[in-house]
Amino acid sequence: MTTPDLTPAPHRYTSALAGEIEQRWQDRWAADGTFEAPNPVGDLAGDVAGDKYFIMDMFPYPSGAGLHVGHPLGYIATDVVGRYRRMRGDNVLHALGYDAFGLPAEIHAVQTGEHPRTNTESNIANMRRQLRRLGLAHDPRRSFATIDPDFMRWTQWIFVQIFESWYDEEQGRARPISELRAEYESGARTAPDGTAWGDLTPIERSVLIDSVRLAYVDESPVNWCPGLGTVLANEEVTAEGRSERGNFPVFTRNLRQWKMRITAYSDRLIDDLDRMDWPESVKNMQRNWIGRSHGARISFPVDGLATPIDVFTTRPDTIFGATYMVLAPEHDLVDQLTAEAWPDDTPRPWTNSAETPTEAVAAYRAMAAAKTDLERQENKEKTGVFTGAYAVNPVNGAEIPVFIADYVLTGYGTGAIMAVPGGDERDHEFAETYGLPIIHTVQAPEGFDGGAWTGQGKVINSANDELSLDGMEIDEAKAAVISWLQLHGAGEGTTTYRLRDWLFSRQRYWGEPFPIVYDEADQPIALPDSMLPVELPEVPDYSPKTYEPEDAGSNPEPPLARVPEWVNVELDLGDGPKMYRRETNTMPNWAGSSWYELRYTDPHNPDRITDPENERYWLGPREAGDTGGVDLYVGGVEHAVLHLLYARFWHKVLFDLGHVSSEEPFRKLFNQGYIQAYAYTDDRGSYVPADQVEEKLDDAGHPTYWFNGAQVNREYGKMGKSLKNVVTPDEMYDAYGADTFRVYEMSMGPLDVSRPWETRAVVGAQRFLQRVWRLLVDEETGELLADNSELDAATLHVLNVTIDGVRGDMHDMRFNTAVAKLIELTNHLTKAGVRSRAAVEPLVLMLAPLAPHLGEELWSRLGHAESLTHEPFPVADPAHLTSASVTCVVQVLGKVRGKIEVSPDISDEELTALALAEPNVVRSIDGREIRKVIVRAPKLVSIVV
RNA sequence: GCCGGGUUGGCGGAAUGGUAGACGCGACGGUCUCAAAAACCGUUGUCCGCAAGGGCGUGCGGGUUCGAGUCCCGCACCCGGCACCA
């Protein structure tokens, strides 16, 4: 990879010289604290003049494999933005921390016996070294890792805040539990069943309180992954029912686990998306994930049953077409309503050939329970069985049969539906299978061939004595039927969500311990601030108990439970020293990243997560209605619903509790694309080293690929060790220098688009920087070549057009076109032999955000003692944006037939005359009658004949 | 199936409705050199033509317009997300 620089000119900008320049400037920046950003108050307080700009990268997990050239793409981009902003006069906060809890370090620990902290810290050190060599303008004082005890302390502190809060639906915000307790004690509030606080036992009181906490322990169906030995959040399970990490099967098990009540924030999490500058795709993914749907809850009474069946539907307007009902097999009411015997005339297929409904239901339930989620998904054929019971349709008194079927899911809505085969494809399919009546309640367009009509139309077949929906549009009918149902106590308008509460405990070692202990009554108690952080104990074995991936019946067993001397602890929590039992689960590795944006703003504050003044300065709303948050957050799209949803949730809780002034953590989000790579396999399917593959053209001119004389197959995808196609930044530093590497990555294409890495193309960026260097420095003597000559008109024009364009490109993060414009300017200066300071100084300043070391070096050789970090970015002179002459295109019938050089302020008449006189235009018109002439002086004349 | 995004030379890509292919890689030719590399200069969408010039060309089919890669309608394919969510 290393290109030997064989005796070039002694002062040529080679990789060796670039490396020397780069490391020298990196040392100087570090020594001078060039990129330290002052805070309004606290230990980092300083002069905060000018506007502020807070930039963040999605912080990295420090992998043992080190970086490949794809990783720094986003970091370079944010660095360019930050450097540009500094030159615009902003106080720029840009730092990088490390998301250091996580599975790989734990797996490494299990394999080697080395403590995960040791391994993680050496990985961080290696990554810091690789990134320092890139020349990133970070404030090093603000870096941290989530495993630092000081950081962990605040992660645990936030957990306690959430644990000590509840969601007040009336006020639409989280409030401290202490306020709820006060309302109970004062009698302002009674338990949901009406019991007064004074009549409850202490245990009943804490159960009541615990039931509304935003962080709570709950026994409910969770995703149990025996292969990983831990439970997982819904967001960590793929659509195929496997773990996102490791791709192990996931089973639904009823287990006692910690959860976070993120569902309380469903509406705000959806609604506030509209106020943020995020890619529409990510907003949509979050909307999708939360899955809000408006509809109605409707009660269908059942003969001889006190409790009606409640259903959720988004189409209450179709209720007159409800011809049967379906409950999920797991629904609570199934046992109660299943009849003793089949009613007379029960069609044979409804019974599944069972003697009694009880038997049929039991058999069906057993079969449904044996299916995994995946099997349920794969087989979409509608099956079900009749319960023997009938319910009454509240709008028309019709008796309709009640089935159980696994196409109705227990976890969504009420776990029961009214089935409308005329208006729902799934219901229609089921109705066809079981011979159920089909009533259409919306007029389908002519030519509709039956089946379920789900589109728009006028309502039909929908009337009772008091209510007629017939002739209404769907929306109108929905409103009408909801108010009728409400009047008759049979239902109400309501909203349901797909989002489930966030499963927050993991059975792993390498995560934050919970700041929770249990008392003798097994009630969870939050530890006081003074006892934070709770640090991880040393353990004999880091691994959780893992199982055969398919062992669905296994049970989670966290590693911390194996340290009884840590688990059982004597503490004084206010009523004297007592024995307590520690929570042995750990937090998921999303915990630290759910709030880290706050810590950058005040990284060493010993008393608070961040001082309110620092938070308000860096994150606060800029104007009324603004959510506040980080000014620019750059990262991959893979965190669209995981990290980005969790972080928004925590931020909103902290906002509600008054700890922050911003409503959202990230005001503007930008998803960078990925750098992909080619990989090559031989005829046995093994990967061969990509950097030794040769490209040859075959007879047809198509490229073919060869390794060791044998043809190999090319595939396109990720960069990875096992694919033998990794290219590291270190290799690029050695071969070209960091600036060349930076310029190449920024010039490859738009930042949000993925693109293939091509090592051989990097040289283009180096040639460009060498041309800039050669413009200013004599390659033989090292002498400065810049002079003080006046600029000619053409150069003035090119220079100002470039300045104008580059400014716009920088602002919009179009670095690829910014680089192209700088190359054009450089090529112009080279060709014209212009070395005037009036041209090269702006060029150096504009290049500096992209190639900062070269920029500083040239700036200093130009005689400036200070770093150019805060030097104003060049501003175009409008007087020179127009040139002395422009090329006017003459079109005949829309085709370009001639070009004429004209003055930019030529009149329409004059231009038309010149255009009509152009010889080739005359020939094209060929004597035909001119019907119309469109003139857009000075650039275009279009002639219609 | 639903929701997003995309499709431009050999390759990465550029183009406020107004010269399609900026800039870069590669390829080809040249300068320098004993030679090679590096560097520098030039050519490079495609077809016809000695040239002047002309035909064709931004996934496909229509439309709007003096003029469409760009706007509208329909379709194909690719990528990402969701999916028996009532």
Side-chain angles (χ1 to χ4, degrees), chain A residues 3-9 12 14 239 279-289 291 293 295 311-315 318 326 376-377 379-382 405-409 411-420 423-427 429-430 496-498 637-638 640-641 671 695 697 701-703 743-744 747-750 752-765 767-768 770-771 774 779 814 816-824 827 830-831 887-899 919-920 923-924 931-934 936 939-945:
Chain A
T3 316
D5 300 309
L6 293 171
T7 57
R12 170 169 292 174
T14 60
E280 207 47 46
S281 59
V282 176
K283 290 188 185 182
N284 263 326
M285 280 186 232
Q286 293 213 346
R287 289 189 191 110
N288 238 318
W289 189 260
S293 44
V311 304
F312 173 75
T313 177
T314 56
R315 294 293 304 278
T318 63
V326 184
R376 269 201 185 194
Q377 254 180 51
N379 186 2
K380 293 199 174 175
E381 259 169 53
K382 300 284 175 292
D406 67 0
Y407 82 91
V408 172
L409 308 175
Y412 184 79
T414 61
I417 61 159
M418 64 173 202
V420 184
D424 182 286
E425 274 154 19
R426 297 153 301 182
D427 297 344
E429 202 186 314
F430 188 87
T496 60
Y497 306 87
R498 206 187 77 104
V637 73
E638 71 272 19
V641 288
N671 290 128
E695 182 179 323
L697 294 183
H702 298 295
V743 169
Y744 172 65
S747 68
M748 292 168 81
D752 55 353
V753 175
S754 294
R755 74 297 298 269
W757 176 261
E758 195 182 3
T759 297
R760 68 178 179 185
V762 180
V763 70
R767 286 177 190 153
F768 162 50
Q770 282 178 334
R771 282 200 296 278
R774 204 153 40 230
E779 290 192 332
R814 293 187 304 247
N816 54 328
T817 52
V819 171
K821 289 180 175 86
L822 292 173
I823 291 173
E824 284 181 280
N827 291 350
T830 301
K831 252 179 225 174
T887 306
C888 175
V889 172
V890 187
Q891 299 178 341
V892 179
L893 285 174
K895 289 189 188 291
V896 179
R897 295 301 180 189
K899 295 172 189 176
N920 204 44
R923 187 149 31 119
S924 295
R931 302 224 312 258
K932 196 170 171 186
V933 179
I934 294 136
R936 297 275 181 280
K939 299 276 288 182
L940 180 110
V941 177
S942 185
I943 299 162
V944 189
V945 293

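We name chains A, B, ... by the order of the sequence lines, and we start the count at 1 in each one.
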Any strand: nucleotide that pairs with B:G67 via Watson-Crick or wobble, under 3.5 Å: none

Base orientation of B:G81, syn vs anti, 90° cut from 0: anti

Contact check, side chains of A:R315 and A:V420, non-hydrogen atoms, under 4.5 Å: no

Any A:S293 side-chain nitrogen or oxygen under 4.0 Å from OP1 or OP2 of B:A86: yes

A:Q891 (side chain) and B:G18 (base): donor-acceptor pair under 3.5 Å: yes

Watson-Crick or G-U wobble partner of B:C40, both distances under 3.5 Å: B:G30

Distance under 6.0 Å and angle within 45° of ring axis: A:K382 vs A:Y407: yes

C1' atoms of B:A27 and B:G54, separation to the nearest Å: 27 Å

Watson-Crick or G-U wobble partner of B:A35, both distances under 3.5 Å: none

Side chain A:K821 and base B:C23 donor-acceptor under 3.5 Å: no

Nucleotide forming a Watson-Crick or wobble pair with B:C84, both distances under 3.5 Å: none

Position toward the 5' end of RNA chain B (nearest nucleotide), A:K932 or A:G413: A:K932

Sugar-phosphate, base or nothing in reach of A:R767, heavy atoms under 4.0 Å: sugar-phosphate

Pair assignment for B:G24, Watson-Crick or G-U wobble, requiring both distances under 3.5 Å: B:C11

Sugar-phosphate only, base, or nothing, as touched by A:R774 at under 4.0 Å among non-hydrogen atoms: sugar-phosphate

Any A:R498 side-chain nitrogen or oxygen under 4.0 Å from OP1 or OP2 of B:A83: yes

Sugar-phosphate only, base, or nothing, as touched by A:T313 at under 4.0 Å among non-hydrogen atoms: sugar-phosphate

Nucleotide paired to B:G53 in any strand shown, Watson-Crick or G-U, under 3.5 Å: B:C48

Trace of the side chain to side chain contact (heavy atoms under 4.5 Å, CB included) decision for A:Y744 with A:T759: CA-CA 10 Å; A:Y744 172 65; A:T759 297; over 6 Å; no

Complement of B:C75, any strand, by Watson-Crick or G-U distances under 3.5 angstrom: B:G59

Nucleotide paired to B:U19 in any strand shown, Watson-Crick or G-U, under 3.5 Å: none

Atom-to-atom span, CG of A:L409 to C1' of B:C82 - whole angstrom: 14 Å

